[in-house]
Structures are given as structure tokens and as C-alpha cells.
Amino acid sequence: MKIIADENMPYVEQVFADIGEVSLVNGRQLSAEQLEGADVLLVRSVTQVNAQLLAHNDSLKFVGSATIGTDHIDTQLLAQKGIPFSNAPGCNAIAVGEYAFIAMLELAAMTGSSLKQRTVGIVGAGNTGSQVARCLEAYGVKTLLCDPVLAASGDSREFHSLDQLIASCDVISLHVPLTKDGIEPTWYLLDEARLSALKPDAWLLNCCRGEVIDNRALIRVKQQRADLRLVLDVWEGEPNPMPELVPLVDIATPHIAGYSLEGKARGTTMLHSALSQVLNIEPENKLDGLLPVHVFSRIKLENQPDESALLQLCRLIYDLRDDDRKFRANYALAGGFDQLRKNHTHRREFSALALVKGSGFEVDWLTKLGFSGASL
Ligand SMILES: NC(=O)C1=CN([C@@H]2O[C@H](COP(=O)(O)OP(=O)(O)OC[C@H]3O[C@@H](n4cnc5c(N)ncnc54)[C@H](O)[C@@H]3O)[C@@H](O)[C@H]2O)C=CC1
Ligand SMILES: O=C(O)C(=O)[C@H](O)COP(=O)(O)O
């Protein structure tokens, strides 16, 4: 089988070797000509899978996207052509949850305040939003959820409206798909009126899609409101963020919130399972043994960590400040945004680090946060 895969899909050649020959391509530049004769197409979020891309191909048996979002896929077209499609829901949800949690700890350190004293509003309570809530609740931070779609579907959690969250939360973290229609469209969900209504000293995080915030309105509001703190991992108009916006942002990264090695590997192996099912091949667990041991495999805690020690511990797994520095230095260069993503050194998830505790204090909350437990 001829498999065309995005070059930024860790382990893809290894994982798919039993099904066919994998050719790696630049996903953003993939052309209809390159796709001629391919049986399987494996993409990431930068490839628009549409009629133009499929124009010279009549052999595709499967399209997979190793992502949660599907806004780059014309799923209707694939259904019309009878081409099975699968994405990888939840594959990088833990990575996004940990990114948002670490970003909030960094903002607390930056502003000399405490995350624990804040109430965090999570907009979109699906896979990624729930992981943010899990981290915050493990640490003892109050969270409020907004998800009218899940509320209407009978989800038993307590939900609030977006405007209630904006009025009452000190932090707003966005975790919705990008949709232009339907009953709850998210395009420019945070418009000028909502941005202006954010509480004094509020923090706003966007780890879902750039266009969920009206970025021009954000520039105008932030220019008037120095009290607002911003964490942006996603940008309107990627791969070209608005240059006036970047200096106004406290933590800026190139759409890598989901880039943990575990998350990427899960995305690849989930697509392998989906394709195996389509081809009627016995699915294998390919994730076991794929990931290397983390450089710090275990750490001994002598005391209960306070917020500052917790941040130090998190930085052993992921020092967000490195990505922020690289972003500011490179995003405006030609191809800079994509290069940052391509060359990103995939971080690990909390579970890669085992904590050994000294006697006389509890670390249950740290294992709930995601770290592994270990005995001496
Ligand atoms: N920055 C990054 O690296 C990543 C970004 N993403 C983005 O995050 C999005 C969310 O991912 P998941 O949580 O895994 O998706 P999900 O589908 O599990 O959850 C999204 C939730 O948003 C809710 N929702 C839809 N419209 C809403 C609205 N108007 N207001 C409030 N809630 C609404 C849905 O009901 C759903 O529960 C993805 O669609 C993708 O675009 C996902 C992974 C990584
Ligand atoms: O899963 C999603 O949705 C995402 O946004 C991905 O983390 C983006 O990663 P790429 O597919 O663009 O590498």
C-alpha cells in the first residue's frame, strides 16, 4: 500500500510498516500531484483535505488526521466519495490540559499572585477542557464550566453560560472546536464586547483555534487594558500571527499546546488502529514500548511542594518559557511559525516523571495531577 504521511508525525514509518510503504511529505505544501496513486493519506492540521487536493486521486482507501480538530477536512466530500475518515479524538488532550495548567502557574509567578486563589472558567468541557479541569481540581483550584452543547445533551456536570463565566471568573481558558455554523458557533466567540467585559486583572488563555477570539478586537482591548494577561498558543491567520498582537501577549507559542511525545504517539497509533479496522486487520497495541524513558525518571520530594516548588517540578517536564522565547525570536521570519512547530522538541507528559515522597506528607494530589507515583 502507498501511504502518504505528514513528516511531523512521530513514529509513523515504524508504526505503519506492517501495512505499507510510508512516504513523508510537507503537510502544508502537499499537492494533488503528490497524492496521485496513494492508498492512504495521513495528515495533521496544516493540510486542507478538499476537492482540490484529491483531484488526481481515485485510489484513496483511508484518510486519517492525527489531530483532535477536523476543521481542515472536508468530511462531507470524503463521505460522498466513500473514503473512510478518522481523526484522533483525545490523543493530545492531556498535553493541552498540562500546557494550560503550567501556563497558569507561570502567569501566577509572573504577576506575583497565587493560582489557588483564582476561579477558572473553562469554555468547552470536552476532552481538552476536562483535562484542564482535572489538573486544576487536583491542585485545589475552583473551576466553572461552560458547554451549552454538553449541557443540552444531559451531561451531569454543572454548567454556566459564557457570560456568567466572564462576569465571575478570574481566568478564562478556551477549549472549543472552531465552527462557523450550527447552534453554538465559535467563530469570534470572544468578540470586542466580551473581551472588554473580562474581569479586572483577568487572564485569558487560548489553546484551541485562533479565530475563536477576534484578534483585532483583542489588540484594541489589550491596548486599553494593561491589567489583562494573555496566553496564546493559537492565532488568527496562522501561520502569520498579527505582529502587533505578539508583544501584547504574556506567553506566546506556535500552536504546540498538544505537542507532547505521548500525545503525538497516541495520534499515530490511533490512526493505525482505525486503518486496521477499515482493512480488517487484527488491531495491535503499538504504543507499548514506543516511548523513551524521561531524562528525569524519578524525583524525591522531601517536603510538600508549595506553588513555587510545584512550578519548578512542572518545569522539569516542560519549561514553557523556552517556547515563548523561541516564538518571539522566530515567528516573523519567513516560514518561521511552521519551522518552530516542525523543530519542536516534543515535551513529555507529567506521567513520565515518577515522584518518590519523603515521610509525613501527602502526594495524592500530585498523582491526581498526572505524575506517576514510585516507591523508594
Ligand atoms: N492547540 C493545540 O495544540 C490543540 C488544539 N485543539 C483544539 O481544541 C479543540 C477542542 O478539543 P477537544 O476538547 O479535544 O474537543 P472536544 O470535541 O472533546 O470538546 C470540545 C467541546 O466544546 C464544546 N462546544 C462546542 N461549541 C461550544 C460553544 N459555543 N461554547 C462552549 N462549548 C462549546 C463541545 O460541546 C465539546 O464538548 C479542537 O477542536 C481543536 O481545534 C485540540 C488539541 C490540540
Ligand atoms: O489536535 C488538534 O486539533 C491540534 O490542534 C493539533 O495539536 C495541531 O497539531 P498539528 O496537527 O498541526 O501538528
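Ligands are counted one by one from 1 in listed order, and the atoms in each one are counted from 1 as well. Just so it is clear, the structure is predicted and the values come from calculations on it, not from any experiment.
- Two residues are said to be in side-chain contact when any heavy atoms from C-beta on lie closer than 4.5 Å; Ile73 and Val43 meet this criterion.
- For atom 30 (N) of ligand 1, the closest non-hydrogen atom on the protein side is Pro148 CD, 3.6 Å.
- Here the CG-OG distance, from Asn87 to Ser45, works out to 12.0 Å after rounding to the nearest 0.5 Å.
- At a 3.5 angstrom cut-off on N or O pairs, Thr128 counts as close to ligand 1.
- Of the candidates Gly258, Gly126, Cys207, the one placing a heavy atom closest to atom 5 (C) of ligand 1 is Cys207.
- With respect to atom 8 (C) of ligand 2, the closest heavy atom belonging to the protein is His255 NE2, 3.4 Å.
- Closest to atom 8 (O) of ligand 1 among all protein heavy atoms lies Cys208 CB, 3.4 Å.
- Using bins of under 30°, 30° to 60° and over 60° for the plane-to-plane angle, the ring pair His272/Phe16 lands in the perpendicular bin.
- For atom 12 (P) of ligand 1, a protein non-hydrogen atom is found at a distance below 4.0 Å.
- For the pair Gly69 and ligand 2, the shortest N or O to N or O distance falls below 3.5 Å.
- Inclusion of Ile68 in the set of residues having an N or O under 3.5 Å from an N or O of ligand 2 is warranted.
- Near Arg209, with a cut-off below 4.0 Å to any heavy atom, the atoms of ligand 2 are 2 (C), 3 (O), 4 (C), 5 (O).
- Of all atoms in ligand 2, listed by their number and element, those nearer than 4.0 Å to a heavy atom of Arg341 are 8 (C), 9 (O), 10 (P), 12 (O), 13 (O).
- In terms of protein heavy atoms, atom 11 (O) of ligand 2 is closest to Ser45 N, 2.7 Å.
- Of all the listed residues (Thr67, Val176, Ile68), Val176 holds the heavy atom that lies closest to atom 9 (C) of ligand 1.
- Remark: distances from the non-hydrogen atoms of Ala93 to ligand 1 are all 4.0 Å or more.
- Taking CG from Asn92 and CD1 from Ile256, the interatomic distance works out to 11.5 Å, rounded to the nearest 0.5 Å.
- Ligand 2 has at least one atom lying under 4.0 Å from a heavy atom of Asn92.
- Here CZ of Arg216 is found 14.5 Å from CG of Asp191. Values are rounded to the nearest 0.5 Å.
- Heavy atoms of Arg209 found under 4.0 angstrom from ligand 1 belong exclusively to the side chain.
- With Phe350 as the partner, the ring pair (Phe, Tyr, Trp, His ring centres under 6.0 Å) test is satisfied by one option alone out of Tyr139, Tyr99, Phe371: Phe371.
- Residue Val123 has no nitrogen or oxygen atom sitting less than 3.5 Å from a nitrogen or oxygen atom of ligand 1, judged on distance alone.
- Contact of the Lys342 side chain with the Arg28 side chain is not registered, since no non-hydrogen atoms from C-beta on lie closer than 4.5 Å.
- The residue from Leu41, Ile83, Asp74 that alone fulfils the side-chain contact (heavy atoms from CB on, under 4.5 Å) condition with Val49 is Leu41.
- Near Cys146, with a cut-off below 4.0 Å to any heavy atom, the atoms of ligand 1 are 31 (C), 32 (N).
- Among protein heavy atoms, the minimum distance from atom 44 (C) of ligand 1 is reached at Val96 CG2, 3.5 Å.
- Of the possible donor and acceptor atoms, one in the side chain of Arg266 sits under 3.5 Å from a partner among the backbone N and O of Cys91.
- Between Thr67 and ligand 2, no pair of N/O atoms sits closer than 3.5 Å.
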Checklist entry - Passes side-chain contact (heavy atoms from CB on, under 4.5 Å), Arg209 versus His255? Steps please. => result CA-CA 9 Å; Arg209 286 292 182 265; His255 194 152; 3.4 Å; yes

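- Here is the list of ligand 1 atoms found below 4.0 Å of a heavy atom in Asp233: 1 (N), 2 (C), 3 (O).
- Using a 4.0 Å cut-off between a side-chain N of Lys or Arg and a carboxylate O of Asp or Glu, Glu21 and Lys2 do not qualify as a salt bridge.
- Residue-to-ligand polar distances keep Thr186 apart from ligand 1: every N/O pair is separated by 3.5 Å or more.
- Ligand 1 lies within reach of Asp147, whose nearest heavy atom is under 4.0 Å from it.
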